[in-house]
Amino acid sequence: MEYFIASDIPAVLEYTKNFYFLDDNEFSVIEKDNINFFDKELNTIYKKYKTINLNCSNSTKNGYEDFMLKEIFEQPKAIANTINKRIVLNTKCNFSDSNLSKYDLINVEEIYIVACGTAMHAGLVGKNIIEKLCKIPTYVEIASEFRYHDPIINKNTLCIFISQSGETADTIAALKLAKGKGCKTIAITNVIGSSITREAHFSFYTHAGPEIAVASTKAYTCQIALLCLLAIYIAEVLESTSFDILENLKSELLSLPEKIELVLQNKEEIKKIAKQVYLEKDIFFLGRGIDYAISLEGSLKLKEISYIHSEAYAAGELKHGPIALIENGTYVVGILTDNELISKTISNLQEVISRGAKIFVITNQELFNNTFDLVFNIPKTNSLLSPILSIVPLQIFAYYIAKEKELDVDKPRNLAKSVTVE
Ligand code: M6R
């Protein structure tokens, strides 16, 4: 008999698939052929191990140079694994793994999505989808802010907590706070049995497989896909959006893996762009609406692994200050997928071009007579889902810039994969 002690499942997946999970204030005594568990008063606790059916090859690089690149390329499969079992055409999405019912949803007056970092950025995309489909006001908050400002929430508030690891200290504290105030709580996580799932009333898993690189990629796109399915399910239960719109969205979701493959096939195009810009000191990301949410994530990805200073702005905010930073040669990435806002963003990009900025645009539209330096095209999809496609070139962009700078993309300086302290 052998026992291993680890803070994360993938660390020992090579040796075992059977895991005991320790909760707060619990202890374990391991002997050669025996293991016992105790609470803080040293009373014996009976625990049964859980079998985690994850493939150990998910925790190796599998021929890729880095985990981050492997995880970017795993996105088509990760999304398919996350959505396929839940999507049922012509009838309600399958959320039967929890008891989330009409009874839990009918009195919901507002929704809070609470998370940190990239998971919070997924929440921003989720807010847009939930409001459009469920017609319920939805707010996104950073967990470390939410937990300390005494949020006005109650039994009619549904709180959704997103965390890849399920172990982020601020997100767990925010969840405990919301429960204490009587809210219904949902956890969205990638790690089976993680702390967040043991706290929330309802838990739903992304099936992205272990994410090892510190920079989150596949977990993010899977979180958005799952939020979209949850929004569709709530809309089906509450009958807040027409059957045809919801069915169309499900079909679009099912076609995403194929469309992501198309983006991945053009990685060399992005690599060339990365070679041209890796020595930049500052890179700005601009977008409006959902493209602003993607700008925030693209900017975070770039700064955390390439150490290039980067900021994202809602393009309409430029005139209110940030345009002062634009000078000859400043590098700006523009995201143009939101049909209704594209002409507005283009005119903001013209304003920075006239001040000497160099522009790289990511778009799903045909741009006629444009004056942009570089344009990268992505496939069209339902506008609610375009973030799942537009983020992929930005992940690759950050990756190749960091590689050009010969940095350790998987373990960027000063960062940890799971932030288990405040
Ligand atoms: O495990 P979590 O999703 O709760 O982690 C939240 C953030 O720490 C995480 O997304 C972080 O921002 C990533 N390094 C971003 O790539």
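Side chains included, hydrogens not; waters and symmetry mates left out as well; all remaining heavy atoms used. In each ligand, atom 1 is the first atom listed, and ligand 1 is the first ligand listed.
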Salt-bridged, R355 to E327, with N to O below 4.0 Å? no
Out of Q223, E304, K301, Q164, which residue meets the side-chain hydrogen bond (donor to acceptor under 3.5 Å, both in side chains) rule with T118? K301
Which class fits the ring pair F397 and Y331: parallel under 30°, tilted 30 to 60°, perpendicular over 60°? parallel
Report the part of E167 in contact with ligand 1, treating N, CA, C, O as backbone and CB onward as side chain, heavy atoms under 4.0 Å; options are side chain, backbone, both, neither. neither
Residues D23 and R198 bridged, charged N to O under 4.0 Å: yes
How does T168 reach ligand 1, by side chain, by backbone, by both or by neither, if only non-hydrogen atoms under 4.0 Å count? side chain
Residue pairs involving residues 119-136 (criterion side chain to side chain donor-acceptor pair (under 3.5 Å); sequence neighbours excluded): H121-E297, K127-E131, N128-K132
Tell me the contacting part of E304 for ligand 1: side chain, backbone, both, or neither, using a 4.0 Å heavy-atom threshold, strictly below. side chain
Nearest-option assignment for atom 1 (O) of ligand 1, heavy atoms, candidates P412, A143, S165: S165
What is the nearest protein non-hydrogen atom to atom 10 (O) of ligand 1, stated with its residue, atom name and distance? T118 N, 3.1 Å
Proximal atoms of ligand 1 relative to K301 (non-hydrogen, under 4.0 Å): 15 (C), 16 (O)
Short list, please: which atoms of ligand 1 are under 4.0 Å from a heavy atom of S163? 1 (O), 2 (P), 3 (O), 4 (O)
